[in-house]
Amino acid sequence: MKRPLIGTSWKMNMTASQAEAYCRALKPLLADVSDRTLFVLPPFTAIAAAREILAGSNISWGAQEVHPDEEGAHTGDISASMLADLGCTFVEVGHHERRRDYHEDDELIARKVDAIQRWGMTAILCVGESTRLEREQAVAYVLGQLRFLDRFDQGRLVVAYEPAWAIGSGAEPAGVDWVEWIHSAIHERVAGAAGGGVTAPVIYGGSVDLASAGDLVSCPGVDGLFVGRAALNPEVFSAIAHAPLWLPSRPE
Ligand code: PGA
């Protein structure tokens, strides 16, 4: 059985003080979870506050973005070494909102994955079609976004399938049949690139909430959940993280 990975990106929410209160509330709520890997991705300004509270707990922390270069004249940007120094375990890249708002392409995103892995952290590479498509087209779109996969260290990679149409307020999570279909195609691609070696887990994100978490995390091919707005309440995130698995998940 894979160990499910359950995490949240807070996106552009929470000050450092609010993050501190959130982490103080979350830590005891998740203290009993030993069969899942848990993480939170605060905004850059709140990572140190999260570390302060979560150090030594079963909850990892990380970042939502990174610059691909090591250092230098990049006003306002944050390097992988800065994140590694803050004890980040996970760094997200390629989120739909970044691709949309900053026109990030797969080549740039791949360079960010390289930087994250160079610094010993795990990249969470988000993929997902930007509009509703037929299944075959959606698979082709997502596999296209994985065109640089072969050069990554899959031991330090998580693929997050997040169709844009399922993300954000007013949206609904993708159905389990759909998720199973796309995840199976991603797993096939990942296994092909791994050539018998370690394969990256594939997690689902997009309007995950308490009602959908159990079905989604139990869905074959789903190795975990990436939660957005529902996790802004620590009690709801805790309930999602405790969602029971009622189908055996994909064997390793
Ligand atoms: P959402 O965000 O859960 O608020 O839809 C998910 C995501 O963007 O990862």
Side-chain angles (χ1 to χ4, degrees), residues 4-14 18-19 22 26 36-44 46-47 50 59-66 88-104 106 109 112-113 116 122-132 138 141-142 145-146 157-176 178-179 182-183 186 200-217 219 221-243:
L5 196 60
I6 314 276
T8 174
S9 160
W10 300 344
K11 306 194 179 181
M12 196 173 72
N13 294 290
M14 287 201 248
Q18 289 167 332
Y22 178 103
L26 187 66
R36 292 156 194 224
T37 299
L38 306 167
F39 67 87
V40 296
L41 307 184
F44 290 132
I47 295 173
I59 309 168
S60 302
W61 58 91
Q64 302 170 18
E65 252 308 316
V66 69
C88 290
T89 301
F90 295 99
V91 183
E92 176 183 11
V93 290
H95 191 277
H96 164 68
E97 289 149 14
R98 300 289 306 185
R99 294 177 189 260
R100 181 195 65 198
D101 298 346
Y102 297 95
H103 311 292
E104 296 193 0
D106 296 323
I109 293 163
K112 295 182 183 203
V113 173
I116 295 162
T122 295
I124 302 176
L125 171 58
C126 300
V127 296
E129 67 278 20
S130 46
T131 52
R132 274 195 191 266
Y141 191 98
V142 166
Q145 291 176 321
L146 291 172
L157 184 74
V158 175
V159 178
Y161 171 59
E162 304 206 330
W165 48 266
I167 295 173
S169 60
E172 286 184 2
V176 286
W178 179 273
V179 172
I182 308 281
H183 276 227
I186 298 173
V202 183
I203 64 176
Y204 170 80
S207 295
V208 174
D209 58 10
L210 201 42
S212 57
D215 284 342
L216 285 165
V217 78
C219 177
V222 172
D223 299 318
L225 302 175
F226 200 10
V227 193
R229 62 200 187 282
L232 291 172
N233 176 329
E235 284 175 9
V236 178
F237 182 47
S238 166
I240 290 172
H242 282 92

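Just follow the structure's listing: the first ligand is 1, and inside any ligand the first atom is 1. Quantities reported herein were computed from a predicted structural model and do not represent experimental measurements.
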Mind checking what makes side chain to side chain contact (heavy atoms under 4.5 Å, CB included) contact with Asn233, not counting sequence neighbours?
-> Glu235, Val236

Sole candidate of Trp10, Tyr161, Phe39 that passes ring-ring contact (aromatic ring centres under 6.0 Å, His included) when paired with Phe226 =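 So the option named by the test is Phe39.
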
Per-atom contacts of ligand 1 with Glu162, taking only distances under 4.0 Å to non-hydrogen atoms | 7 (C), 8 (O), 9 (O)

Enumerate the atoms of ligand 1 whose separation from the nearest heavy atom of Ser207 is less than 4.0 angstrom.
->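 Counting atoms of ligand 1 from 1, those under 4.0 Å from Ser207 are 1 (P), 3 (O), 5 (O).
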
[X] near ligand 1, heavy-atom distance under 4.0 Å?
| X | result |
| --- | --- |
| Gly168 | yes |
| Lys11 | yes |
| Gly228 | yes |
| Ala171 | no |

Mind checking the CZ-CD1 spacing from Arg36 to Ile59? Nearest 0.5 Å is all I need.
-> 14.0 Å

Between His95 and ligand 1, find which residue part has any heavy-atom pair under 4.0 Å and reply side chain, backbone, both or neither.
->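 Contact part for His95 vs ligand 1: side chain (C-beta onward).
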
Evaluate the salt bridge (charged side-chain N to carboxylate O under 4.0 Å, His left out) criterion for residues Arg229 and Asp209: first the C-alpha distance (whole Å), next the side-chain angles of each, then the deciding distance (0.1 Å), finally the verdict.
-> CA-CA 9 Å; Arg229 62 200 187 282; Asp209 58 10; over 6 Å; no

State which residues pass salt bridge (Lys or Arg N to Asp or Glu O under 4.0 Å) with Glu97; sequence neighbours excluded, sorted by chain then number.
->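 For Glu97 the salt bridge (Lys or Arg N to Asp or Glu O under 4.0 Å) partners, ignoring immediate neighbours, are Lys11.
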
Donor-acceptor under 3.5 Å (Glu92 side chain, Ile124 main chain) = no

Name the closest protein heavy atom to atom 1 (P) of ligand 1, giving the residue it belongs to and the distance to 0.1 Å.
->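 Nearest neighbour among protein heavy atoms for atom 1 (P) of ligand 1, to 0.1 Å: Arg229 NH1, 3.1 Å.
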
